[in-house]
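Notes follow the structure.
Hydrogens, waters and symmetry mates are skipped; everything else that's a heavy atom, side chains included, is used. Numbers for residues simply follow the sequence, beginning at 1.
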Amino acid sequence: MSEPQIKKTEPMTVAYLQMHGPYQQIPLAMGMLYGWMNKRGLSPTGAPLGVYLTDPQMVPESEATWELWVPVAYATEEAEPDTAAIGIKKLPVMTVASTVHLGPYEDVTPAYEELGRWVIEQGYVLVGPPMEAYLSDPAKTPPEEYETEIIFPVRQA
């Protein structure tokens, strides 16, 4: 895990896909989202993100609610989710705590726990759902070399 830090994000426009159920759907969902973007001539401008709207310690994975986001050009118009649950939204600047986990996705829990402790020690509180930015392409990178940025939206307590 990299040294945790507090930083500001840039305003961002994302194509997003609303999902429910097991996280094993992520590869298929990514394909759907990128396919949707391709049909509309939208190119990614950054790493894809997973946004976890339910707490896996409180909600069974079969009932999980989450979204996938892919940054696109900021000038892209917002759009409500269509019949495929895909839309476009604009995100404001956020203050976040982040760290980078190196290794397989299934080994990320300790990084979440350590970042959570660090946030509290620094006098911050969480103000939004946790996110993961997938910095490595799993088609080209072995799992032990995956880089996943863990991101917590925060504010000073």
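The line from OH of Tyr34 to CE of Met37 is 6.0 Å long, rounded to the nearest 0.5 Å. His101 contributes atom NE2, which lies 11.5 Å from atom CG of Leu135 (distance to the nearest 0.5 angstrom). The CD atom of Gln122 sits 10.0 Å away from the CG atom of Leu115 when rounded to the nearest 0.5 Å. Here CD of Gln18 is found 11.0 Å from CG of Leu68. Values are rounded to the nearest 0.5 Å. Annotation: the span from Ser136 atom OG to Tyr105 atom OH amounts to 6.5 Å, rounded to 0.5 Å. Atoms CD and CG, on Glu145 and Leu102 in that order, are 7.5 Å from each other to the nearest 0.5 Å.
Residues Pro129 and Leu53 come closest through the heavy atom pair CG-CD2, 3.7 Å. Nearest heavy atom pair, residue Val93 against residue Pro11, reads CG2-CD, 3.6 Å. Between Pro48 and Val70, the shortest heavy-atom distance links the atoms CB-CG2, 4.1 Å. Of all heavy-atom pairs between Ala47 and Pro71, the closest is O-CD, 3.3 Å.
Hydrophobic clustering (side-chain heavy atoms under 4.5 Å, transitive across Ile, Leu, Val, Met, Phe, Trp, Tyr) keeps Tyr52 apart from Trp69. In terms of hydrophobic clustering, with Ile, Leu, Val, Met, Phe, Trp and Tyr side chains grouped at heavy-atom distances under 4.5 Å, Val127 and Ile151 are assigned to different clusters. Residue Tyr16 is not grouped with residue Tyr23 when hydrophobic side chains (ILVMFWY) are merged at heavy-atom distances under 4.5 angstrom, including chains of intermediate members. Both Ile86 and Met30 belong to a single network of hydrophobic side chains, linked directly or stepwise wherever heavy atoms of I, L, V, M, F, W or Y lie under 4.5 Å apart. In terms of hydrophobic clustering, with Ile, Leu, Val, Met, Phe, Trp and Tyr side chains grouped at heavy-atom distances under 4.5 Å, Leu126 and Trp66 are assigned to a common cluster.
The environment of CD in Glu78 is crowded: more than 12 heavy-atom neighbours from other residues, nucleotides or ligands sit within 6.0 Å. Environment of CD in Glu10: sparse, with no more than 12 heavy atoms of neighbouring residues, nucleotides or ligands closer than 6.0 Å.
Ion pairing between a basic and an acidic side chain is recognised when a charged N comes within 4.0 Å of a carboxylate O; Glu77 and Lys89 show no such pairing.
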Taking it one step at a time, do Thr65 and Thr54 satisfy side chain to side chain donor-acceptor pair (under 3.5 Å)?
CA-CA 6 Å; Thr65 301; Thr54 51; 4.9 Å; no
Set out, in order, the CA-CA distance, both residues' side-chain angles and the distance that settles side chain to side chain contact (heavy atoms under 4.5 Å, CB included) for Val154 and Val125, then state yes or no.
CA-CA 5 Å; Val154 297; Val125 294; over 6 Å; no
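Under the 4.5 Å side-chain criterion, counting only non-hydrogen atoms from C-beta, Ile6 is in contact with Trp118. Within the 4.5 Å cutoff, side-chain heavy atoms of Met32 are placed close to those of Leu17. A 4.5 Å side-chain heavy-atom check between Thr13 and Ile88 finds at least one atom pair inside the cut-off. Residues Glu61 and Pro56 have side chains not in contact (no heavy-atom distance under 4.5 Å, counting atoms from C-beta outward). Residues Glu114 and Thr99 fail the side-chain proximity criterion, which asks for heavy atoms closer than 4.5 Å.
Between the side chain of Gln25 and the backbone N or O of His20 there is at least one donor-acceptor pair closer than 3.5 Å.
When ring centroids are compared, Phe152 and Tyr112 come within the 6.0 Å threshold. The aromatic ring centroids of Tyr134 and Tyr146 lie 6.0 Å or more from each other.
For the pairing with Met131, the side chain to side chain contact (heavy atoms under 4.5 Å, CB included) check across Val51, Thr9, Ile150 returns one residue only, Val51.
Side chains of Ser98 and Glu149: a donor-acceptor N/O pair is present below 3.5 angstrom, by distance only.
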